[in-house]
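Because the structure is a prediction, the values reported are computed rather than measured.
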Amino acid sequence: MPLGAPGILSVVVLGFLEYWNAMEAPQAFLKDQTLWPLSLYMADITADNAGVSLIASLITLMPPLLIFLFGRDTLSKALYLLE
């Protein structure tokens, strides 16, 4: 199991990033727009609300960044094992 941990964590990190950035599934399955994720509202923010756009971008960026930073060492070990 210790040798499999880098691969498992790599799948978890990359899977989370894929589903975090998904745009089509929330639009297809969530009919109520109040349940949509923040990433779907980013296209509707105009230049008049530049401050809102910045804060929304930072909020959207934080979970993937934290997960990547948490798994950075394990991801590098997985890449080293592939070589």
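Not counting sequence neighbours, the partners of I55 by the side chain to side chain contact (heavy atoms under 4.5 Å, CB included) test are I59. Under the side chain to side chain donor-acceptor pair (under 3.5 Å) criterion, D32 pairs with T34, not counting sequence neighbours. Here F16 pairs with W20 under the ring-ring contact (aromatic ring centres under 6.0 Å, His included) rule; sequence neighbours left out. A search for side chain to side chain contact (heavy atoms under 4.5 Å, CB included) contacts involving V52 returns I45, N49, not counting sequence neighbours. Every side chain to side chain contact (heavy atoms under 4.5 Å, CB included) that Q33 has, sequence neighbours left out, goes to W36, Y41.
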Using atom types as modelled, flag every donor-acceptor pair under 3.5 Å from a side chain in residues 61-71 to any protein atom, sequence neighbours excluded.
none

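Taking a 4.5 Å side-chain heavy-atom cut-off between Ile, Leu, Val, Met, Phe, Trp and Tyr, the cluster of L58 extends to L54.
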